[in-house]
*Asks:* 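Let me give you the structure first, and then I'll get to my questions.
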Number of protein chains: 2
Amino acid sequence: MSDVSHENPKDSAARAPEDAITQSILTAVSEQRLPAGSKLGEQQLSDLFKCNRANVRRALTALAAQHVVELRPNRGAFIVTPSPEEAREVFEARRTIERTLARNVVARASAEDIAYMRNNIVQEAQARADNDKPRELRLSRMFHMQLAKISGNRVLERFLAELTLRTTLILGLYNAAGTSGCAEDEHDRIVDQIESGDSDRLVSLIDAHLRHLEAGLDFRRTRNRNLTLAEQLAI
Amino acid sequence: MSDVSHENPKDSAARAPEDAITQSILTAVSEQRLPAGSKLGEQQLSDLFKCNRANVRRALTALAAQHVVELRPNRGAFIVTPSPEEAREVFEARRTIERTLARNVVARASAEDIAYMRNNIVQEAQARADNDKPRELRLSRMFHMQLAKISGNRVLERFLAELTLRTTLILGLYNAAGTSGCAEDEHDRIVDQIESGDSDRLVSLIDAHLRHLEAGLDFRRTRNRNLTLAEQLAI
DNA sequence: TCATCAAGTATTGTTAACAATTATTGTTAT
DNA sequence: ATAACAATAATTGTTAACAATACTTGATGA
């Protein structure tokens, strides 16, 4: 979305409203303020972002292509609600991709990268202590996205961005009440393993981390919240 | 794109023009009739497909989200031209994903699946014998997509669809003149290995297959063709 | 009371006209 | 001849009005 060739100031300004909508929706989903199934009305969004419906529709079309939003003809746009089967596929895809990231990260992580991740973990722990779940979720996702950035493969990074976002939706639907996503000590141990430089053990650790997350799902009941769109987007 | 929940006849009809455009462009790229850098004019497409510009723009926006098309503000839509660095990333992503597919395929391939793949290989060989390169390229891509279908993970299948398409563009830009993509005997050996049921060896074989393909690239010169859009889309 | 149906409202989908920007062509001056 | 500039043409971007569809509300009848 942001890797257009020959980018200049005027070009990036040309899609400002569209990008603002996209980013706002992605962030809101990553913090579980926009739960699965939320309706995204065109008028509503064009009012909120003070742009015309054409921009809104471009943003929604792009999000639909990433399977974050579902477009139902004559009905509108909705945040996708992953099925249990899709959840399984998302987790398998994550294990697949993060395995390769792990191998790359061991070879490429710098001291600054390690420090950044340690700091991320501290902030995540703080958010958990503060019971700030949106922030905790966003930081947890950022930890995994950091692995992708370090690994230096923008294709896999984009795939993982989609998968982690859908993971957040899956957790919102099916995660047992007590557990709140990734266990922070597991993130810590992952960084330990990156420092130690044993890529095989790192792969196992991340694989186990993701399997642990998936094992915590309970497909028997779902959850729901009721906030206005403006509150959820926090504009 | 085609896995919308609650689909009914009227719904699928509602996006008929958009899907026709998308499919036509995807097929044209997969057969190298639309090379990297091709301009996709809005008027041009709305004339060809007899629809309004709004449908065209939805299709182009969706293709841009899959990194098949690049949208340059005030300039229009173009088929992406992968850089050497992007080529490396695409191949690493393919190895990552097809490794998982290989393990799944060994566990899940039925006799019908094997027969289908053998037939695909025969047709591909025939296309090569006939010097029908577009058909050969499309069939070669379909072979890999068949692995994804058998493996039963629609997320990875969609990712691979994008990656194989970008691979076709990469081959069109950087592949040495003589070689024309995947060697068919390697596809044959892959099916042999699926039948034998040794997933580790299958993984190695597919990994080698992809590395072999990547090794055939030559980033020093590029190629170009000049056909009208109507000819390239073959409408 | 509940289900069914109809009218009205709101939302999405389509179309066309207009504005802004870029590409092209032709001219002029060096 | 070539480079720089101006006028023209073509393309993309924006907006608004209208059409079609879906949703909501209230009335009617069993």
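No experiment lies behind these values; they were computed from the predicted model shown. Letters A, B, ... are given to chains in the order of the sequence lines, protein chains preceding strands, and every chain is numbered from 1.
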*Asks:* Rounded to the Å, how far apart are B:Leu71 CG and D:dG13 C1'?
*Replies:* 12 Å

*Asks:* Would you kindly say whether A:Glu18 and A:Asn55 are connected by a side-chain donor-acceptor distance under 3.5 Å?
*Replies:* no

*Asks:* Would you tell me whether B:Thr61 and A:Thr61 have side-chain atoms, one donor and one acceptor, within less than 3.5 Å of each other?
*Replies:* no

*Asks:* Between C1' on D:dT14 and NZ on A:Lys50, what's the gap in Å once rounded to a whole number?
*Replies:*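 Result: 19 Å.
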
*Asks:* Under 4.0 Å from OP1 or OP2 of D:dC23: is there any side-chain N or O of A:Lys39 that close?
*Replies:*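 So the side-chain polar atoms of A:Lys39 never come under 4.0 Å of the phosphate oxygens OP1 or OP2 of D:dC23.
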
*Asks:* Record whether the side chain of B:Arg58 comes under 3.5 Å of the base of C:dG13 through a donor-acceptor pair of N or O atoms.
*Replies:*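 By the distance-only test, no, there is no pair.
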
*Asks:* How long is the line joining CD of B:Gln43 and P of C:dA23, in whole Å?
*Replies:*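 Computing the B:Gln43:CD to C:dA23:P distance gives 17 Å.
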
*Asks:* Donor-acceptor pair, distance only, cut-off 3.5 Å: does the side chain of A:Glu86 make one with the backbone of A:Ser83?
*Replies:*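 Yes: the side chain of A:Glu86 pairs with the backbone of A:Ser83.
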
*Asks:* Side chain of B:Asn52 only, please: which of D:dA22, C:dT14, D:dG13 is the nearest?
*Replies:*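 The answer is C:dT14.
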
*Asks:* Name the closest nucleotide to the A:Arg53 side chain, picking from C:dA17, D:dT15, C:dG13.
*Replies:* C:dG13

*Asks:* Does the side chain of A:Arg75 get closer than 4.0 angstrom to OP1 or OP2 of D:dC23 through an N or O atom?
*Replies:*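 Yes, such a contact exists.
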
*Asks:* When you measure from the side-chain N and O atoms of A:Arg57 to the phosphate of C:dG13, is any distance below 4.0 Å, counting only OP1 and OP2?
*Replies:* yes

*Asks:* Select one nucleotide: of D:dT15, C:dG13, D:dT12, the one nearest the side-chain heavy atoms of B:Glu42.
*Replies:*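 When the side chain of B:Glu42 is considered, D:dT12 is the closest of D:dT15, C:dG13, D:dT12.
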
*Asks:* Between D:dA20 atom C1' and A:Arg72 atom CZ, what is the distance in whole Å?
*Replies:* 20 Å

*Asks:* Whether B:Arg95 and B:Glu214 form a salt bridge (side-chain N of Lys/Arg under 4.0 Å from carboxylate O of Asp/Glu) is what I want to check.
*Replies:* yes

*Asks:* Measure the distance from CG on A:Asn55 to P on D:dT15 and round it to the nearest whole Å.
*Replies:* 7 Å

